[in-house]
2 protein chains.
Amino acid sequence: MTFRALAERLATGPGAIYWHMADKSDLVTGACDTLIARTVQDCVGATPEATIRVLALGMFDAMSAHPWLGAALASPAGQLPIVRILEPLGQQVCALGIPEDTRWAAVSALVSYILGVGGQNAANGQLARTRGLDRSEFLDAVATMWSQLNAREYPFTRSLAVRLRTHDDRLDFLTGIDLILRGIESTRGS
Amino acid sequence: MTFRALAERLATGPGAIYWHMADKSDLVTGACDTLIARTVQDCVGATPEATIRVLALGMFDAMSAHPWLGAALASPAGQLPIVRILEPLGQQVCALGIPEDTRWAAVSALVSYILGVGGQNAANGQLARTRGLDRSEFLDAVATMWSQLNAREYPFTRSLAVRLRTHDDRLDFLTGIDLILRGIESTRGS
DNA sequence: GACACGAATGGAACAATGTTCCAGAATTAT
DNA sequence: ATAATTCTGGAACATTGTTCCATTCGTGTC
């Protein structure tokens, strides 16, 4: 979304926008903020783990629905949008009974993973869009490239090529969350 | 790094560069590729877990040393640079004895986490640089902002503010990797 | 040795985009 | 009604990726 496009949609000029906003990062951060606030509120599950899953999935879906979110969340660090995600995750990790000295590691791993997947997905989507491919065409292209890799150097990647065409991003994402959750819980006993 | 700066450094014009490269993404992808290839080669540890740790730390250090890497790795998805990371991680996960149907989840979680942390760190660094802050000043600014948050809405984030000033990015990153590794290994039995 | 032809150069120009400027319109206060 | 402040919107500026093209360089040929 460019400033001129925004100005046209608002039937005004760029200058009018700059009277209300300092710069583009202001605009984007604000949009992130309201969107994430809406996404994060009323995320409750039966258990802390379930709540974390719901939160993570909410973020995943928000980033899928708004491709700019993934890219936008990468830049304003420590800012309000990130805190809006950090806080409920942290509260749930506390509720899990994780000792204080490992809470930060647990929460930071969750946040990094969520933002990492989101950013990667957003980039994939944007790449596909600029090339005029839909999702399955894009996956096909990647799978084909992977299957053509050198068999001796890239055995593992080649073995993934088939599975790639039919995989479910959302499910894989949730599996990753569960993986981290299990890792977190295994620290509780030690 | 802008094309004009690059042209000046090379004592030539932009046109000369375009004779050899298709566009900027070509240039960046190429740079990523050689850098990651160098980073990933000879990553060996005593055990698969240790090797994964070494690989991840290598990527972390490379992204710290070259801030553009984090941003660059977000865009070319499924491309060679990503595959260069995916492959050795996958091989080590295989060596861990993870059953085939959960290998993808394990590897994809690792990759997403590594890229997520890298991207976030790169963004933090860039933000700090544009504001002319060094690392400790930047952490101070974030810690101060966090400690001034509303106590009722953001208890967890506030409780992190103190710890933030003295934390070690590299160590936290490795802790996250260990978390995921433990989660991966706990799937082996089930 | 002169010439021809493709490879490579480098600087000017173009297009898109974030940003600033400013003359004026709209609104509000006195 | 007048003055001052707020707000608008379009023109202009700076930066950056990219393209164009006249020119130069190197190499093989007669």
Side-chain angles (χ1 to χ4, degrees), chain A residues 1-36 63 66-82 119-120 122-133 138 141, chain B residues 1-36 63 66-82 119-120 122-133 138 141:
Chain A
M1 205 31 76
T2 152
F3 260 54
R4 276 162 187 78
L6 185 63
E8 193 182 357
R9 178 97 63 121
L10 263 46
T12 178
I17 302 172
Y18 272 87
W19 179 260
H20 301 275
M21 301 275 172
D23 54 11
K24 192 177 188 181
S25 106
D26 241 42
L27 186 74
V28 169
T29 303
C32 276
D33 208 40
T34 65
L35 187 50
I36 291 179
M63 292 195 245
H66 309 279
W68 50 271
L69 237 192
L73 281 176
S75 40
Q79 238 102 340
L80 215 57
I82 302 283
Q120 208 67 16
N124 283 359
Q126 188 135 14
L127 187 66
R129 220 168 310 120
T130 57
R131 293 191 188 170
L133 305 169
F138 174 73
Chain B
M1 206 29 77
T2 153
F3 260 55
R4 277 161 186 78
L6 185 64
E8 193 183 357
R9 179 95 65 121
L10 262 48
T12 178
I17 301 173
Y18 272 87
W19 180 259
H20 300 275
M21 301 276 172
D23 54 11
K24 192 176 187 182
S25 106
D26 241 43
L27 185 74
V28 169
T29 303
C32 275
D33 208 40
T34 64
L35 187 51
I36 292 180
M63 291 197 243
H66 309 279
W68 51 270
L69 236 193
L73 282 176
S75 40
Q79 239 100 341
L80 215 57
I82 302 283
Q120 208 67 17
N124 284 358
Q126 187 137 14
L127 187 67
R129 221 168 310 120
T130 56
R131 294 191 188 170
L133 304 168
F138 174 73

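Quick note on labels: first sequence line is chain A, next is B, and so on, each numbered from 1. Bear in mind that the values here come from a model prediction, so they are computed numbers and not experimental data.
Rounded to whole angstrom, the span from the CE atom of B/M21 across to the P atom of D/dT19 amounts to 15 Å. A/L6 places its CG atom 13 Å from the P atom of D/dT8, with the value rounded to the nearest Å. Atom CG in A/D26 sits about 14 Å away from atom C1' in C/dG18, given to the nearest Å.
Applying the 4.0 Å criterion to OP1 and OP2 of D/dT19, one finds that B/Y18 has every side-chain N and O outside that range.
Taking CE of A/M63 as the start and CD of A/Q120 as the end, the distance is 12.0 Å to the nearest 0.5 Å.
In this structure, A/Q79 and B/L127 have side chains that are in contact, with non-hydrogen atoms separated by less than 4.5 Å. Between A/L35 and A/W68, the closest side-chain pair of non-hydrogen atoms falls below 4.5 Å.
Of all heavy-atom pairs spanning B/A7 and B/P14, the tightest one is CB-N, 3.8 Å. When all heavy atoms of B/D23 and B/Y18 are compared, the closest pair comes out as CA-CE2, 4.0 Å. When all heavy atoms of B/L27 and B/M21 are compared, the pair lying nearest together is CD1-CE, 3.7 Å.
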Item to complete: Starting at the 5' end of nucleotides 5-17 of chain C, put B wherever the base has a protein heavy atom under 4.0 Å, S where only the sugar-phosphate does, and a dash everywhere else.
Response: --SBBBB-B---B
